[in-house]
Amino acid sequence: MALARAERQGIRVDLDYCERKKEHLTKKIQHHNKRLEQTKLYQLWHKIYKGKTNIHSNQQLARVLYKAMKITPPKLTESGEGSTDEAALSQIDEPGLQWILKIRKLNKIRDTYLAAFTRDQYQGYLHPSFELHNVRTYRSSSSNPNFQNIPKRDKEAMRICRRALLPRPGHQLLEADFASIEVMISACYHKDPTMLKYLKDKKSDMHLDMARQIFILDELDRSKAAHALLRQAAKNGFVFPQFYGDYYANNAASLCDWVKLNQNGAWKPGSGITLPGGIPMADHFRDRGIKSYQQFLDHMKGVEDDFWGNRFRVYSNWRESWVSKYRKKGQLQMLTGFECSGELKRNEIINYPIQGTAFHCLLFAFIELDKIRMEEGWKSALIGQIHDSIIMDIDPEERDHISNVLKTIVKEALPKAWPWIIVPLDIDLDAYEVDAAWLK
DNA sequence: GGAACTCGCCAC
DNA sequence: AAACGTGGCGAGTTCC
């Protein structure tokens, strides 16, 4: 019912802006099209496909690149065909591909996001569906339009799309995000003492510790830009993928992307990002006995063994026993009481309970907040939810009260209702300007 | 002309 | 033993 009420409230959308921006994008796309048509790539393409030439066909592109031009595919798709995704194309040195990538990106913004906003709006408001019956883990899904995948990381796409979404006049948009909710919930299952210490002690920093170990640096200082990047690399290139069931060989490749080192053979002195003090990453590693990608791979194998065998031994044991229990019973039961059955792979078995339970914490907060909103007759509205965050359209006068209510729900009501929560949950609020779109 | 499929790409 | 988890959706393509 709380989700249904959010659907009915809706999100205000700037229709004039959407129309203007779609036209603007169309002109830009036409311009990139003209540049593409001047390339050798396109001329060969047109020679093969004549009147059937379609620059949006990846099947045609694959045949031009990998058959006609005899380029070796840098990577393959799931079904074994030569891939034409961004990662593949950016490894091919062929003028023309840059225009394909630019056109793809602008098309995506125009046809997936802005077009959906104008198509799905009713009287200037979007009413995306939030559904609870689609996802195997008991998370939610969203559609018509999907409110849970609006661009954020790519700054250009983010600005163009989010500029279209507004608060009601005189109001402001507000996001309330659970802090590290999946890691917090995982700890409620495995109760690993090392992990619990990381989560309870605000001075400790798991990702920084992992960066120290991965990059063999004793002194790491988050306030230095290069060190902050190494921490990000450790977090997104090792720790989180490991939690999801990834392994060291993939991590090693990803980490090399982060620090700009080769993924084959020896590392050239002077290569890689520069560390504080002006030392190149490759030289730093060389002085510590790692001179090539192969040696880095061996190093990462050791880091992984230590991660699960020593640092998070209890977490690792929980995974194994959780998998055996599922295999014995054919079913797993979450801390919320929800069950999953059917054929599950190892990584699914260890991920589902964490993902589903984390979302149920969000749902608990969403429902309680909505209840209090109705009881107290707020002008502010709950308008959506993105797995671990609540999106509101608020009256600025009510902001402090909403903040207090939310903090109380998350820090007091939630752990009281669910005593298996043995970690300190928190939620961070982030408000946008009054009358401003969904961007900073 | 619609269903079902692949591929690519956006979010958490 | 296994090799990153969950979705929605647009465009192209193939099948019926």
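Proteins come first, then strands; the chains are lettered A, B, ... in the order of their sequence lines, and each starts at number 1.
A donor-acceptor pair under 3.5 Å is formed between the side chain of A:Y189 and the backbone N or O of A:L335.
When the P atom of C:dG8 is taken as reference, atom CZ of A:R119 falls 15 Å away, rounded to whole Å. Remark: P of C:dG5 and CZ of A:F243 are 16 Å apart, rounded to the nearest angstrom. As rounded to whole Å, 16 Å separates atom C1' of C:dG5 from atom CH2 of A:W322. In this structure, the CZ atom of A:R319 is 12 Å from the P atom of C:dC4, given to the nearest Å. Protein atom CD1 of A:I181 is 16 Å distant from nucleotide atom C1' of C:dG5, rounded to whole Å. Rounded to an integer number of Å, the gap from A:L106 CG to C:dG10 P is 18 Å. C:dG7 atom C1' lies 12 Å from atom CD of A:Q385, rounded to whole Å.
We find that A:D370 and A:R5 are joined by a salt bridge, their nearest charged nitrogen and carboxylate oxygen being less than 4.0 Å apart. Look at A:K440 and A:E175 and you find no salt bridge, because none of the NZ, NE, NH1 or NH2 atoms lies under 4.0 Å from a carboxylate O. Using a 4.0 Å cut-off between a side-chain N of Lys or Arg and a carboxylate O of Asp or Glu, A:K34 and A:E37 do not qualify as a salt bridge.
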> If the sugar-phosphate is the primed atoms plus P, OP1 and OP2 and the base is the rest, what is the B/S/- string for nucleotides 11-16 of chain C, using protein heavy atoms under 4.0 Å?
Replying inline: SSSS--
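Between A:F147 and A:F130, the ring planes lie perpendicular to each other; the angle is over 60°, past the 30° to 60° tilted range.
Under the 6.0 Å cut-off for aromatic ring centres, A:F338 and A:H360 qualify, their centroids lying closer than that. For an aromatic pair to be called close, the ring centres must be under 6.0 Å apart, and A:H207 with A:Y198 fails this.
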Provide a list of protein-nucleic acid N or O atom pairs under 3.5 angstrom, restricted to nucleotides 1-3 of chain C.
none

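Not counting sequence neighbours, the partners of A:S79 by the side-chain contact (heavy atoms from CB on, under 4.5 Å) test are A:T77, A:E81.
Atom CZ of A:F238 and atom CZ of A:F243 lie 9.0 Å apart (nearest 0.5 Å). Atom CH2 of residue A:W267 and atom CZ of residue A:F285 lie 5.0 Å apart, to the nearest 0.5 angstrom. Atom CG of A:N149 and atom OH of A:Y113 lie 3.5 Å apart (nearest 0.5 Å). Note that CG of A:L114 is 11.0 Å distant from CG of A:L15, once rounded to the nearest 0.5 Å. Atoms CD1 and CD1, from A:I390 and A:I409 in turn, are 7.5 Å apart once rounded to the nearest 0.5 Å.
Heavy-atom contacts of chain A under 4.0 Å fall on DNA chain B between two terminal nucleotides, which in 5' to 3' order are B:dT6 to B:dC12.
Using a 4.0 Å heavy-atom cutoff across all strands shown, A:Q242 reaches no nucleic acid atom at all. Within the 4.0 angstrom heavy-atom criterion, no nucleotide atom of any strand lies near A:E182. Among the protein residues, A:Q355 comes within range of the nucleic acid bases, having at least one heavy atom under 4.0 Å from a base atom. In this structure, A:S389 reaches neither bases nor backbone, as no heavy-atom distance under 4.0 Å exists between it and the strands shown.
Within residues 137-156 of chain A, the residues that place at least one heavy atom under 4.0 Å from DNA chain B are, in residue-number order, A:R139, A:Q148, A:N149, A:I150, A:P151, A:K152, A:R153.
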Please set out all donor-acceptor pairs under 3.5 angstrom arising from side-chain atoms of residues 85-101 of chain A, sequence neighbours excluded.
{"unit_1": "A:D85", "atom_1": "OD1", "unit_2": "A:S83", "atom_2": "OG", "d": "3.3"}
{"unit_1": "A:D85", "atom_1": "OD1", "unit_2": "A:A87", "atom_2": "N", "d": "3.3"}
{"unit_1": "A:D85", "atom_1": "OD1", "unit_2": "A:A88", "atom_2": "N", "d": "2.9"}
{"unit_1": "A:D85", "atom_1": "OD2", "unit_2": "A:K75", "atom_2": "NZ", "d": "2.6"}
{"unit_1": "A:S90", "atom_1": "OG", "unit_2": "A:E86", "atom_2": "O", "d": "2.8"}
{"unit_1": "A:S90", "atom_1": "OG", "unit_2": "A:A87", "atom_2": "O", "d": "3.3"}
{"unit_1": "A:Q91", "atom_1": "NE2", "unit_2": "A:A87", "atom_2": "O", "d": "3.3"}

